[in-house]
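Order of the sequence lines sets the chain letters (A, B, ...), proteins ahead of strands, with each chain counted from 1. Remember, it's a predicted structure, so these values are computed and weren't measured experimentally.
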Number of protein chains: 2
Amino acid sequence: MQSRIPPSARTGGRPRNAAADTAILESTRQALVDLGWSKLTLGDVAARAGVAKTTLYRRWAGKSELVVDAVAELFDELELPDRGSLAADIEGVVLQFAALLGRPETKTALMAVVAESTSDEPLRERIRTSIVDRQKRLVLAGRKRAQERGELPPEPDPAAAGHTADLIFDVIAGAVVHRALVSAEPVDEEWAHRFTLLLLGGLAAATSRP
Amino acid sequence: MQSRIPPSARTGGRPRNAAADTAILESTRQALVDLGWSKLTLGDVAARAGVAKTTLYRRWAGKSELVVDAVAELFDELELPDRGSLAADIEGVVLQFAALLGRPETKTALMAVVAESTSDEPLRERIRTSIVDRQKRLVLAGRKRAQERGELPPEPDPAAAGHTADLIFDVIAGAVVHRALVSAEPVDEEWAHRFTLLLLGGLAAATSRP
DNA sequence: TCTCTTTCGCTACGAGTCGTAGCGTAACTG
DNA sequence: CAGTTACGCTACGACTCGTAGCGAAAGAGA
C-alpha cells in the first residue's frame, strides 16, 4: 500500500522524521498548484519543505511516486453520505468527485500520473490502490445501499455483479473526468442531474435484461 | 487550426520541406512507442527524422504542440459506418475508439497532453480542435442517423440538443478512456455490448423526460 | 542570369535538472 | 558506551533545454 521507500528493516538507529513526510507532501501539492506537473522539480519541493533533496530520494523513487502519494491523501476525503435515494447518492458522489477534480493540484497531477503509468506497471498498481480503489468503494457502497432500499435488485452471480460495478464505475469516473478536464466544462448541479437521469435509466434497462 | 508555427508570411525565399513534416510526425509517434511521453526528447525526434533540432523548433513551439499534431493525425481514421441500428453504431464507435487508445503512442500521449493543457489554455484549444472535435462529430452523426431511422425523437430546442450531445459525448469518450487507461481492462466486444445497453437505456429514459 | 529572401544543417553555448556519492553530524537502541 | 540509521550539505557527471550564429541550398522576382 505504501509507495514510499520503506526505512531500513533492521532495528535501532535514528528514526525517520515523520513531520518531514507531512511537510513534503503538502509542499508537493502547493508546488503542483504553482508550477503544474511538468515544471515541478524535486529540488523545488525539497526547498519548500525545508528538507534536503537527498532526503526526498531516500523516501520516494521519483516524481511520479511522490505525486501519487501527495494526491492520494486528498482522496481520503471522499465519502458517501446517505441522501435517501440512489439518485441523490449518485448526484452527491458526482459533485464530490468533481469538487476534487476542480482543485488545481489534482487537475494537473491526476492525468499526468496516469499518462506515466501507461508505460510503468508498478506505478499503475500504486495508482489503483491509492486512488482508484478509494473511488470504487463509493460505487460498491452506493449499490449495496440501493439494494437494501429495494431500488436495485440483488445480483446472485458475483462475477456478473463485479462486471456491472466495474462498468458503472468507469462510466461515472470517466464521464466526470472527461467533462472536467477534456471538455473543460463545469460539473455543476444541472450536469450532475442530467447525468444521473441518464445513468439511472441505463441501470433500469441493464438490470431488467441480463 | 494549425498548431505549427507558420512559415514567414512574406513571399519568395526557399519553401519549407513538406516531406520533413511527415517524417517528423511519424518519428514522433515512433519515439512515443519506444520511450513514452516523459522520456521523449525533441533532440531524439529530430535525429530519428533526419532533420536538425533547430528545424523542429522553427515549426513547433514545444513538445506538447508537436505531440498533439502527431497524435491528431491518427484520429483522422475515425469514421462512423452505418451498421443499421443505433446500438450497432454505438458499439462500432466504442470499439473504434478503443482500438485507437490501444496503440501505445496514443495511450501515453493523450493523457499527457491533456494534463499539460490544464495549465495551458492555448494547448487545450488545440487539443479541442485537433482531437476532441473529431470524436464529437461521430456522436452528432450517430444521433442524426438514429433520428432519421426513428430510433430517437427529434429535438426541437437546439440548446437542449447541444447539452444532451455534450453529455453523451463525455459519457462515451470518458468511459472508454477510463476503462482503457485507468482501469487498464480490455475494451472488447462484450464490454462494448454491456456499455451500449446501459447507454441506450439511459437515452430512452432521458428523452422521454425532458 | 543575378539578386533577394527564407529555410536548412551544423556547431556551440549557458542554464537548468537529474540522480548519486561522500562526508560529518544527529538521534535512537541495546 | 558502541552500533546503526537518518539527516543536511556539497559536489559531481550526464543529460536536456531552447537559442544563436554561420554558410549553404532552394525558390521568387527583376
Side-chain angles (χ1 to χ4, degrees), chain A residues 2-25 27-28 31-32 34-67 69 112-113 116 119-120 122-123, chain B residues 2-25 27-28 31-32 34-67 108 112-113 116 119-120 122-123:
Chain A
Q2 290 286 14
S3 73
R4 294 171 178 79
I5 299 173
S8 210
R10 305 177 58 176
T11 168
R14 176 177 179 173
R16 278 190 181 171
N17 181 359
D21 266 26
T22 312
I24 289 170
L25 293 174
S27 300
T28 303
L32 281 171
D34 296 343
L35 307 171
W37 161 268
S38 62
K39 294 182 181 172
L40 179 146
T41 70
L42 294 197
D44 189 331
V45 171
R48 286 169 188 256
V51 302
K53 192 175 60 162
T54 43
T55 298
L56 260 173
Y57 281 100
R58 289 190 188 105
R59 304 195 184 191
W60 282 276
K63 182 170 164 176
S64 303
E65 289 79 2
L66 172 62
V67 170
D69 277 11
V113 294
E116 284 304 301
S119 51
D120 183 342
L123 179 61
Chain B
Q2 291 284 16
S3 73
R4 293 172 179 80
I5 298 174
S8 210
R10 304 178 56 176
T11 168
R14 175 177 180 174
R16 278 192 180 166
N17 182 0
D21 266 27
T22 311
I24 289 170
L25 293 174
S27 300
T28 302
L32 280 172
D34 296 342
L35 307 172
W37 162 268
S38 61
K39 293 182 182 174
L40 179 147
T41 69
L42 294 197
D44 190 333
V45 171
R48 286 168 188 256
V51 302
K53 192 175 59 163
T54 43
T55 299
L56 260 174
Y57 280 101
R58 290 189 187 105
R59 304 193 186 194
W60 282 276
K63 183 169 164 177
S64 303
E65 289 80 1
L66 172 63
V67 170
T108 186
V113 294
E116 285 303 301
S119 51
D120 184 341
L123 179 62

Return the value, rounded to whole Å, for the distance between atom [atom1] of [X] and atom [atom2] of [N].
{"X": "A:Tyr57", "N": "D:dC7", "atom1": "OH", "atom2": "C1'", "answer": "17 Å"}
{"X": "A:Ile5", "N": "D:dC7", "atom1": "CD1", "atom2": "P", "answer": "12 Å"}
{"X": "A:Trp60", "N": "C:dT20", "atom1": "CH2", "atom2": "C1'", "answer": "19 Å"}
{"X": "B:Leu56", "N": "D:dA20", "atom1": "CG", "atom2": "C1'", "answer": "17 Å"}
{"X": "A:Lys63", "N": "D:dT16", "atom1": "NZ", "atom2": "C1'", "answer": "13 Å"}
{"X": "B:Leu42", "N": "D:dG18", "atom1": "CG", "atom2": "P", "answer": "6 Å"}
{"X": "B:Leu66", "N": "D:dG18", "atom1": "CG", "atom2": "C1'", "answer": "15 Å"}

Starting at [atom1] of [X], measure out to [atom2] of [Y] and round the result to the nearest 0.5 Å.
{"X": "B:Ile5", "Y": "B:Arg16", "atom1": "CD1", "atom2": "CZ", "result": "7.5 Å"}
{"X": "B:Leu66", "Y": "B:Ile24", "atom1": "CG", "atom2": "CD1", "result": "7.5 Å"}
{"X": "B:Leu42", "Y": "B:Thr54", "atom1": "CG", "atom2": "OG1", "result": "12.0 Å"}
{"X": "A:Asp21", "Y": "A:Asp69", "atom1": "CG", "atom2": "CG", "result": "8.5 Å"}
{"X": "B:Lys39", "Y": "B:Thr108", "atom1": "NZ", "atom2": "OG1", "result": "11.0 Å"}

N/O-N/O pairs, protein side and nucleotides 7-13 of chain C side, under 3.5 Å:
| from | atom 1 | to | atom 2 | distance (Å) |
| --- | --- | --- | --- | --- |
| C:dT7 | OP1 | B:Ser8 | N | 3.0 |
| C:dT7 | O4' | B:Arg14 | O | 3.4 |
| C:dT7 | O2 | B:Arg14 | NH1 | 3.1 |
| C:dC8 | OP1 | B:Asn17 | N | 3.1 |
| C:dC8 | OP1 | B:Arg59 | NH2 | 2.1 |
| C:dG9 | OP2 | B:Ala52 | N | 3.3 |
| C:dG9 | OP2 | B:Thr55 | OG1 | 2.7 |
| C:dG9 | O6 | B:Arg58 | NH2 | 3.2 |
| C:dC10 | N4 | B:Thr54 | OG1 | 2.9 |

Less than 4.0 Å between a side-chain N and a carboxylate O, is that true for B:Asp34 and B:Arg48?
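Yes, charged N to carboxylate O under 4.0 Å.
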